[in-house]
Amino acid sequence: MATIGISGYIYLSILSTPTIRANVKKLSPSGPPIWTFNAPGDGTGYDMHAIPVLDAAGTKLYIGSDFGKFSCLNTSDGSTPVGWTDFTVPTGTDKRIRSGAALDPNNPLGSTVYFHCNNGYLYALDANTGAQRWTAYTANEGGPPVDPDFVTQPVSSSPVVDSSGVVFVGSSDGSVYSFNPSTGAQIWRVVLNPAAVEPVEATIAIGQNGILYVGTRVHPDTHIGGTMYAINPVTHTKLWTQVVGADVGYIASVVIDQSGFIYASHFGNTVRKLNPADGTTAQSWVLQGKVCQTPSLNQNGLLILGVSLFPGSPEVNEVEAIKIGDPNLFEPIWEIQQVAGQDLGNMLGSPAIRCATDGRTYVADMLGKVFLFNSGAPMMAGQWPTFQCGNRRAGKSITYPTVIAELPPFYSGNSVSTQVNRVDVFGRSVGQSYGFYDYACGSYSDQGYAGILWRINSVVHPGGCTFAYYTVNSFATGLNSIGDVCGYNSARSSGPTARTVTRCLRSSPRQQGPRVCVVQVG
């Protein structure tokens, strides 16, 4: 759907219509456009199917087009940055760039941006100039196959980057590839199903354990596919598979929570919670429409996603929320079907949750409208693969920490001095946040440190009221079995290790969703 940048500005791509050129827009947090970057020509041949990707500073935007051109824009005004030259795909009969970009600021060659092209190659460019660093063959000619009933405009799997800089990408040939970031040399190739091609359209997700998770499309000719795979990137072997099949299979990437559980969104109206050890289903939810994109996970443990109506089926277009921590719920806890008396259109992009404050969440539909509502909490902080609040069309380097560019202030007291101490290799804010805290007893003078991996909702500061009791090195480290955000502290060496707990939303009957605002953009 969109990328959310610094100060809550929204960047999204809009496909062409008979009267409007394909374009990229920057919207203010309240909706009105700031600038528009129009494609150089009319018609679908200039469409930009990926969502924009921002650099770590939030000053540059990267996106490719069906015209075979990869562009970089200044986020301030939509102009071309000084020193950058747009890259044009030089070879192939199908030059469409249907993948999102992945950025690696730590590449040994310098800051590098990657994209996957329908000519069958992965490209690595200098992120500052647009000059080609290297290219690698992926057998992705033409992209994933077209399904005339459901997927008429498939996208290509976006590249991803692990903590060591190695680049991975899935291909329409049914393989996952690994490449050296300095030379582009192929490290390995894993054929997912040696007996039949299972095309990869969804972007690979990387778990905290380094394992790669990828779902496959059902091939429209052989009707084989719809499988989830776990791959060990060190031994380049398949650890487990889970075959679902049916309909189109997986076109959305999986989402991984802090406990390592995998949320696999199947096109056929279901989300499955998979055990990372063996791929077995721990829980599943039935949805009211087809799932065309990756969900977004917020810090209260709500999985937010849009579903789409397809002709000939009893479905609806709506936004739904799944509570991942409640083992007794098997359908969404709330839904949004109408805004201002208007039905929602098809939704092919993920909800974009702002990474700060109240969880402002943006969803766009195929009728040219952007909707805003409050999901109840900020986006899950930096955990792969939230795609910087993006969707299946986005790719994000795992070493790229833009998601923590904005942090919520402490709930009271002086938060001017708040800062991030560091970011781990997965892009999560860890270490400590340093600031002045207003303790429950009313003191404004004490200074302390607090972990900021997950927002701790129930307390002003994880600690006590005086110098002797404030907490040092508090971290919210994960979700327990019922969806609570848990952690520990080590403030008092003489006392026991404490456990800080914040409960997610309680169970509730299926209900109407939160208040929604709408902006017309197309």
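The structure places NE2 of His49 at 10.5 Å from OG of Ser156, a figure rounded to the nearest 0.5 Å. For the atom pair OG1 (Thr36) and CG (Asn38), the distance works out to 6.5 Å, reported to the nearest 0.5 Å. With values rounded to the nearest 0.5 angstrom, Ser65 atom OG is found 11.5 Å from Arg96 atom CZ. If you take CZ on Phe168 and CG on Asp162, they are separated by 4.5 Å, rounding to the nearest 0.5 Å. Between the CG atom of Leu27 and the NZ atom of Lys25 there is a distance of 7.5 Å, given to the nearest 0.5 Å. If you take OG on Ser158 and CD1 on Ile97, they are separated by 11.5 Å, rounding to the nearest 0.5 Å.
Between the Thr75 side chain and the Thr59 main chain, a donor and an acceptor come within less than 3.5 Å of each other. Judged by distance alone, the side chain of Ser296 and the main-chain N or O of Pro351 form a donor-acceptor pair under 3.5 Å. At distances below 3.5 Å, at least one donor-acceptor pair connects side-chain atoms of Thr112 with backbone N or O atoms of Gly110. Remark: side-chain polar atoms of Asp365 are paired, donor with acceptor, to backbone N or O of Leu367 under 3.5 angstrom. Looking only at distances, no side-chain donor or acceptor of Asn74 sits under 3.5 Å from a matching main-chain atom of Gly78. Between the side chain of Asp94 and the main chain of Asn119, no donor-acceptor pair closer than 3.5 Å is present. The backbone N or O of Thr203 lies less than 3.5 Å from a partner atom in the side chain of Ser253, making a donor-acceptor pair. Arg360 contributes no side-chain N or O that, together with a main-chain N or O of Ser375, makes up a donor-acceptor pair within less than 3.5 Å. For Asp147 (side chain) and Pro220 (main-chain N/O), no donor-acceptor pair under 3.5 Å exists by modelled atom type.
Using a 4.5 Å heavy-atom threshold, the side chains of Val200 and Ser171 count as separate. For the pair Asn128/Trp84, no side-chain contact is recorded, criterion being any heavy-atom separation below 4.5 Å from C-beta on. Contact of the Pro90 side chain with the Tyr123 side chain is registered, since non-hydrogen atoms from C-beta on lie closer than 4.5 Å. At least one side-chain heavy atom of Val166 sits under 4.5 Å from a side-chain heavy atom of Ile187. Looking only at side-chain heavy atoms (C-beta outward), Val254 and Met228 come within less than 4.5 Å of each other. Counting heavy atoms from C-beta outward, Tyr263 and Leu303 have side chains that approach closer than 4.5 Å. Looking at heavy atoms from C-beta onward, Val155 lies in side-chain contact with Glu201 at the 4.5 angstrom threshold. At a threshold of 4.5 Å between non-hydrogen side-chain atoms, the residues Arg133 and Leu125 do not count as touching.
Residue Phe67 qualifies as open at atom CZ: its count of foreign heavy atoms under 6.0 Å is 12 or below.
The aromatic rings of Phe70 and Phe115 lie parallel to each other, their planes meeting at an angle below 30°, with 60° marking the opposite boundary.
Under 4.0 Å is where a charged nitrogen must lie from a carboxylate oxygen, and between Asp47 and Arg98 no such pair does.
Checked by atom type, the side-chain pair Tyr137/Gln186 shows no donor-acceptor distance below 3.5 Å.
Each of Val24, Ile51, Val370 was compared with Leu12 under the side chain to side chain contact (heavy atoms under 4.5 Å, CB included) criterion, and only Val370 meets it.
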_Pair Ile206-Val160, side chain to side chain contact (heavy atoms under 4.5 Å, CB included): steps then yes or no_ = CA-CA 8 Å; Ile206 305 176; Val160 295; 4.0 Å; yes
_Is there a side chain to side chain donor-acceptor pair (under 3.5 Å) between Thr138 and Asn140? Walk through the geometry before answering._
CA-CA 5 Å; Thr138 64; Asn140 191 59; 5.1 Å; no
*Start with the C-alpha gap between Phe267 and Tyr250, add the side-chain angles, then the distance that decides, and say whether ring pair (Phe, Tyr, Trp, His ring centres under 6.0 Å) holds.*
CA-CA 6 Å; Phe267 185 83; Tyr250 294 100; over 10 Å; no
_Verdict with reasoning, Thr3 to Ile10, per side chain to side chain contact (heavy atoms under 4.5 Å, CB included)_ = CA-CA 6 Å; Thr3 296; Ile10 307 144; over 6 Å; no
_Quick one, Arg217 with Val151, criterion side chain to side chain contact (heavy atoms under 4.5 Å, CB included). Give me CA distance, side-chain angles, the key distance, then yes/no._
CA-CA 10 Å; Arg217 283 269 309 276; Val151 187; 3.9 Å; yes
*Step-by-step side chain to side chain donor-acceptor pair (under 3.5 Å) determination, Gln288 to Glu318*: CA-CA 8 Å; Gln288 301 299 305; Glu318 67 180 23; 5.5 Å; no
*asked:* Run Arg189 and Ser175 through side chain to side chain donor-acceptor pair (under 3.5 Å) and show every step you take.
replied: CA-CA 7 Å; Arg189 173 194 178 198; Ser175 303; 2.9 Å; yes
*Would Leu305 and Leu287 count as a side chain to side chain contact (heavy atoms under 4.5 Å, CB included) if you check the C-alpha gap in whole Å, the side-chain angles of each, and the deciding distance to 0.1 Å?*
CA-CA 10 Å; Leu305 70 164; Leu287 309 177; 3.6 Å; yes
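Closest of all the heavy-atom pairs between Phe373 and Val363 is CE2-CG2, 3.8 Å. Residues Ser13 and Ala50 approach most closely at OG-O, 2.8 Å, considering heavy atoms. Minimum interatomic distance between Val146 and Pro154 (heavy atoms only, all atoms of both residues): CG2-CD, 3.9 Å. In terms of heavy atoms, Ala202 sits closest to Val214 at O-CG2, 4.4 Å. Listed here is the closest heavy atom pair of Glu315 and Phe310: OE1-N, 3.3 Å. Here the closest non-hydrogen pair linking Leu309 and Asn317 is N-OD1, 2.6 Å.
Taking the centre and axis of the six-membered ring of Phe150, the NZ or CZ atom of Lys290 falls inside the cone set by 45° and 6.0 Å.
In summary, the aromatic rings of Trp134 and Tyr114 are positioned with their centroids under 6.0 Å apart.
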